Each structure stands twice: as C-alpha cells, then as structure tokens.
Protein chains: 2
Amino acid sequence: MNSVHSMATARRDRLKAELRNEILAAARDLFARQGYESVSIRKIAEKCGCAPGTIYLHFEDKDQILSAICAETFAILKQRMAAISKDSGDPLERLRRSGRQYIQFGVDHPYHYIVTFGVAPGAPANKSDADHQAGMECFQSLRECVQSCQQAGQLRFADVEEVAQALWATTHGIVMLLITKAGFPFVEQTRLIETTLDMAIEGIRAR
Amino acid sequence: MNSVHSMATARRDRLKAELRNEILAAARDLFARQGYESVSIRKIAEKCGCAPGTIYLHFEDKDQILSAICAETFAILKQRMAAISKDSGDPLERLRRSGRQYIQFGVDHPYHYIVTFGVAPGAPANKSDADHQAGMECFQSLRECVQSCQQAGQLRFADVEEVAQALWATTHGIVMLLITKAGFPFVEQTRLIETTLDMAIEGIRAR
DNA sequence: GCACATAATGAACAGTGTTCATTCCATGGC
DNA sequence: GCCATGGAATGAACACTGTTCATTATGTGC
C-alpha cells in the first residue's frame, strides 16, 4: 500500500469512528441514568454489543469516555454563554441570563459538571488539561459580561476580575449544592435559583 | 449473669467503642488524603490493625463510615455557627460574620469540608436521615441569623428559608472554588471572600 | 490464494465491597 | 482451677470492578 488515504482505509476509519460513537452513546445514556461509578465497562460493552477489551481500542480508560462526553456537552455551554455575552440590551440583565444559563446547565448535566468543575483537591495531576480548558473558556464569557456592565457604569465595584470571580463562586455554589446535596429539603428549585441570581445582581449593581 | 450492666459488659462496650473510634480516625485521615473512592476497606483495616470483616461489626457499610465522619464535622461547624447567631449587634453584620466564619472553616479544614459537603452525586436514595438531621441543625444557625434580619426589617425578601439557602449556596461556592480550584489565578483570597460577602449582604438588604 | 495489518476478542490479573462459617477469648458459674 | 457461654474478631470466599494482552478473526492489496 503506497497511499495512506486509500478507499479501503477511509472505510475502515469510518467504521472505527462509528463504533466509537456507539460506545459514547451507550456510555452517555448509562452515565445519565445510573451515575458514573455505577456503570462498568462491561455494561457499556454489553449495551453496544462489543467485548470489554474493545472499548480500550477507542478510549484510554474509563475517565476518557466521560471526558469525551464532557467535551461535547461543554462545547454547547460555551456556545450558549458566548451567545448571551454578545446579546444586546441591559448589561446587568445579560449578566443575569448568563448566570441562569450557567446554573441551568450544571443542574441539567450534573456528572459533566462535577468532572469539569468539582474535582477533589487531593487527586494528583487530576483531570486532563482539555477538561479545564473547556471550563475556563466558559468563564471567559462571564468575565466579558461583567466587563460590559462596568463600562456601562452599572457596577458598584471597581475590579472586574474580582466581581467575575465572586459571581462564579455564587453560581458554582448553587449548582454544587443542588447536585451534591440532592437530599436536602431545598426550596423549590427555580425559585431558589432566581433568588440567588437576584441577590447577586442587586449586590453588585451601582447605587 | 443477672444484670445487663455488669462491670465486664461495660468494659467490653468500652473496648468496642475504642475500636470504632480507631476505625473512624483511620478512615478520616485516609479519606482526607486520598479521597473516598480511592480508600478501600482493606486499607482502613490495615491502618487500624484489624481484619476487613471486623469493620462490618461497627459499620453497616462503607458509606456509613463516611456518614459518621460527616456528623463530626457538622457538629464542630454547628457549634461555631450557633455561637455567632447568639451574638448581639446589627443583624446584617452578624450575618456577615456568620458567613465569614463558615467560609473560614471550609478554607481552614479543606479535607473535612470536602468529605462532608463535597461528596459525589449519583448516590442511590442518597444519605441517611442522620445526615439530614445534622445538616439541618448546622443550617439552623444561619437560618436564625436571617430570621432576625427580617424581624429587624432589614431584608429585601419575604421568604427567610429562601434567603438562607441562597446565602448557603454563595458561601459554599466560594469555599469549594478556593479548595478544589487552588491552581486558578484567583484574586487575593481575603479580598475575594470579603467582596463575595459584601455582594451577598448588599444583595439582600432592604432598600 | 496468500500475506499482511489492523480490529476484536475474552481469559486473566489485581483490585474492590461484602458475607459468613470458623476461631478466639474474656467472662461468669461451679 | 476448669469449663461453658456468647459476643468479638477473623480471613477465606464471592461476585464484582478497571485494565491488559496473547490469541483469533477479518477485510485489504498483490
């Protein structure tokens, strides 16, 4: 074979990519239904009709499967956040929508959120840089929203970075609470989220 | 033996409680250092010099060990929070001190905090009632602080529970961020904490 | 038809949480 | 002192986990 891009090679690659997608689809469904820890490689293999070992031809390890799913999902979040940050209208209201979007995303995709933002401190070397990169890009949109609020003179604070980080803490906090303390008798979720957003927005608004 | 409370029985009970505490101590240390998932029953058993099976004479399962540790941490925090909630002075300022104390506790005891508040999701049917109870009691002080703010007419919101939970989310968020994202280029820590507290307090203050 | 490269396999390995028949041993009665 | 008793401790065993790797199958190019 003198060419790397023969007809047959292309076909093989397509088939390989197909199985990869089947594995991802199976894993996505099982993770969402039963949680990451409860889903074994063998369960994923069975669901997509291949042997356990085969999965390791497509993914380095179990974590990489979750990472791949996260990458997909976070691409969506990044897109939504970026879209909002480019909207017109009152900057503070844009900031509120941005926060709402962020929180909603975390609540809707708890496992993806945990992997990217909720890693334990003791873990050595932790997750891949790609995971962090995706998360940081989402934060950038929030930063831009705060920036435009300040430029419109609507901020009570001088330091944009400071406010952006405080807002991140707030939204991150409510997501983590709702995710990890699901058993706690929280007030109705939407109402709690709106109150938190209101508190945060009114807390940074210029007087 | 005609009495259930003989001298010998008391001694046996004391020895049993001692081993229980040794197991807890070993588990607390290992969980904090390596994380819940990475610590096996056998590792705990080895560290406190007993057989794996012995642990199941003192705890129903691995989750129950974590629950017991969480209870301890809740107790410490509850004590500190309760002390502040009984202080005198401006209610909103008391609330600010309360939040500061909570955040400081988390930052000072990152591993305990993580073990108690940062557990992964997906737990089937979630935690025991004992965990809920401990959490409620700990949260009660914050609730009381918010309550007295409202009674003093200093609250912009009507629902005390709602505000208390939103404040919890905010403080929890900054603790988790500072702990789990230690590598992120945060603004100077004290300044970030004070800004966040300021944002929250000003966000709920009556106009 | 044959050789070759790659994909797929599934048994095997070291680990996990948990169980349970067995052993140990301090205690109480004689 | 000796023995029976009952709870505490054991550790082998079970069914599972993520992961590896020698082996097998399969589609491709000549």
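Proteins come first, then strands; the chains are lettered A, B, ... in the order of their sequence lines, and each starts at number 1. This structure is a prediction, so every number in the text was calculated from the model and none was measured. Basis for what follows: all heavy atoms, side chains included, without hydrogens, waters or symmetry-related copies.
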*Does any pair with a residue in residues 40-88 of chain A pass ring pair (Phe, Tyr, Trp, His ring centres under 6.0 Å), and if so which ones, sequence neighbours excluded?*
A:F74-A:F105, A:F74-A:F117
Starting from [atom2] on [N], measure out to [atom1] on [X] and report it in whole angstrom.
{"X": "A:I55", "N": "D:dT17", "atom1": "CD1", "atom2": "P", "answer": "12 Å"}
{"X": "A:I44", "N": "D:dG18", "atom1": "CD1", "atom2": "P", "answer": "8 Å"}
{"X": "A:I65", "N": "D:dT17", "atom1": "CD1", "atom2": "P", "answer": "14 Å"}
{"X": "A:L57", "N": "C:dG10", "atom1": "CG", "atom2": "P", "answer": "13 Å"}
{"X": "A:I23", "N": "C:dA7", "atom1": "CD1", "atom2": "P", "answer": "12 Å"}

*With sequence neighbours left out, what residues match A:I76 under side chain to side chain contact (heavy atoms under 4.5 Å, CB included)?*
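Here the qualifying residues are A:R80.
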*Partners meeting side chain to side chain donor-acceptor pair (under 3.5 Å) with A:E18 (sequence neighbours left out)*: none
*Going 5' to 3' through nucleotides 11-24 of chain C, assign each nucleotide B (protein heavy atom under 4.0 Å from a base atom), S (under 4.0 Å only from sugar-phosphate atoms) or - (no protein heavy atom that close).*
-B---BBBB-----
_Short side-chain N/O contact to D:dA9 OP1/OP2 from B:H58, under 4.0 Å_ = yes
*Please, which pairs that meet salt bridge (Lys or Arg N to Asp or Glu O under 4.0 Å) have at least one residue in residues 139-148 of chain B, sequence neighbours excluded?*
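Sorted pair list: B:R143-B:E161.
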*Looking at A:D63, A:I114, A:I69, which hits side-chain contact (heavy atoms from CB on, under 4.5 Å) with A:Y36?*
A:D63
*Got a sec, which pairs hit side-chain hydrogen bond (donor to acceptor under 3.5 Å, both in side chains) with one end in residues 190-201 of chain A, sequence neighbours left out?*
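Listed once each, the pairs are A:R96-A:D198, A:R100-A:E194, A:E188-A:T190, A:R191-B:D159, A:R191-B:E162, A:T195-B:E162, A:D198-B:R156.
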